[in-house]
Amino acid sequence: MANLISDYLGIHAQAMPLREQRMKLIASNLSNADTPGYKARDIDFDAALRHAQGAAGNGQLATSAEQHYAIGGGDGLNPFQITREAAQPSLDGNTVGPDTERAAYGRAALEYRASLSFVESKVRTMLTAITGQ
């Protein structure tokens, strides 16, 4: 049954939790904008989504960039976290650009809302088919 629902919802079933995790990371970046030495983090969304869809190949988590963490944490997404370089370096080593992070958060929120709207539409269609109304 879970596969039928996942197939019906398409890619958005796997994308929504990844989008949520990305929004949390960007919010964490914003909250640490003044923390000395803090490195801005993000998710390699395409690689994480391919992995969530089962296209990872041999099951090993491969890194495609030197910024990827080699060892993952408990949430299963850490291998896809990358550190972002600052557009303008700061003296304290912090790589968070507040304007860049706000723009990234706005885009991530828009993408999350688009996936949510698609899932809502599919669920409404399913309920209409079930109830006949």
Side-chain angles (χ1 to χ4, degrees):
M1 177 95 172
N3 285 341
L4 291 175
I5 292 174
S6 293
D7 290 344
Y8 182 70
L9 296 178
I11 195 170
H12 298 284
Q14 291 92 20
M16 285 185 59
L18 295 173
R19 293 189 193 285
E20 178 185 359
Q21 181 67 23
R22 182 163 188 253
M23 288 174 57
K24 287 179 182 178
L25 281 175
I26 295 170
S28 174
N29 291 344
L30 282 168
S31 66
N32 285 292
D34 295 326
T35 304
Y38 184 83
K39 304 295 182 201
R41 299 176 299 157
D42 202 350
I43 289 180
D44 184 354
F45 185 79
D46 293 333
L49 187 59
R50 278 193 307 274
H51 178 72
Q53 289 179 314
N58 62 2
Q60 297 293 326
L61 297 177
T63 58
S64 59
E66 64 184 36
Q67 296 94 354
H68 289 176
Y69 294 136
I71 299 172
D75 62 4
L77 296 175
N78 284 343
F80 302 105
Q81 282 186 11
I82 55 175
T83 56
R84 256 194 268 155
E85 295 300 319
Q88 184 173 2
S90 67
L91 294 175
D92 65 0
N94 188 312
T95 63
V96 176
D99 293 334
T100 303
E101 298 300 325
R102 281 191 287 272
Y105 190 85
R107 181 178 175 148
L110 182 66
E111 291 169 346
Y112 182 84
R113 182 64 195 151
S115 288
L116 186 61
S117 294
F118 180 81
V119 169
E120 287 174 342
S121 172
K122 291 293 237 177
V123 169
R124 258 189 247 113
T125 302
M126 189 184 310
L127 286 174
T128 300
I130 291 170
T131 61
Q133 296 178 2

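On a predicted model such as this, the values are computed, not experimentally measured, just so you know.
Contact detail for Asn29 and Lys39: the closest heavy-atom pair is OD1-O, 4.4 Å. Looking at every heavy atom in both residues, Ile43 comes nearest to Ala48 through CG2-CB, 4.1 Å. Residues Leu30 and Arg102 come closest through the heavy atom pair CD2-CG, 4.0 Å. Residues Leu49 and Ile11 come closest through the heavy atom pair CD2-CD1, 3.4 Å. Annotation for His12 and Ser115: closest pair ND1-OG, 3.0 Å, computed over non-hydrogen atoms.
No side-chain heavy atom of Arg41 sits less than 4.5 Å from a side-chain heavy atom of Ile82.
A distance of 5.5 Å separates CD of Glu20 from OH of Tyr112, quoted to the nearest 0.5 Å. Note that CD of Gln88 and CG of Asp99 are 10.5 Å apart. Values are rounded to the nearest 0.5 Å. Rounding to the nearest 0.5 angstrom, the gap separating the CD atom in Gln21 from the CG atom in Asp42 is 10.5 Å.
Salt bridge status for Glu101 with Arg84: present, with a side-chain N to carboxylate O gap under 4.0 Å.
Using a distance-only test at 3.5 Å, with no hydrogens or angles considered, a donor-acceptor pair links the side chain of Asn94 to the main chain of Thr35.
Listed by first and then second residue, the salt bridge (Lys or Arg N to Asp or Glu O under 4.0 Å) pairs involving residues 108-117 are Arg19-Glu111, Arg107-Glu111, Arg113-Glu120 (not counting sequence neighbours).
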Enumerate donor-acceptor pairs with a distance under 3.5 Å from any side-chain N or O in residues 121-129 to protein atoms, sequence neighbours excluded.
| unit_1 | atom_1 | unit_2 | atom_2 | d |
| --- | --- | --- | --- | --- |
| Thr125 | OG1 | Ser121 | O | 2.9 |
| Thr128 | OG1 | Arg124 | O | 2.9 |

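Annotation for Tyr38: hydrophobic cluster partners, listed by chain and number, are Val96 (ILVMFWY side-chain heavy atoms under 4.5 Å, direct or chained).
Leu116 and Met23 fall within a single hydrophobic cluster, where Ile, Leu, Val, Met, Phe, Trp and Tyr side chains are chained together by heavy-atom contacts under 4.5 Å.
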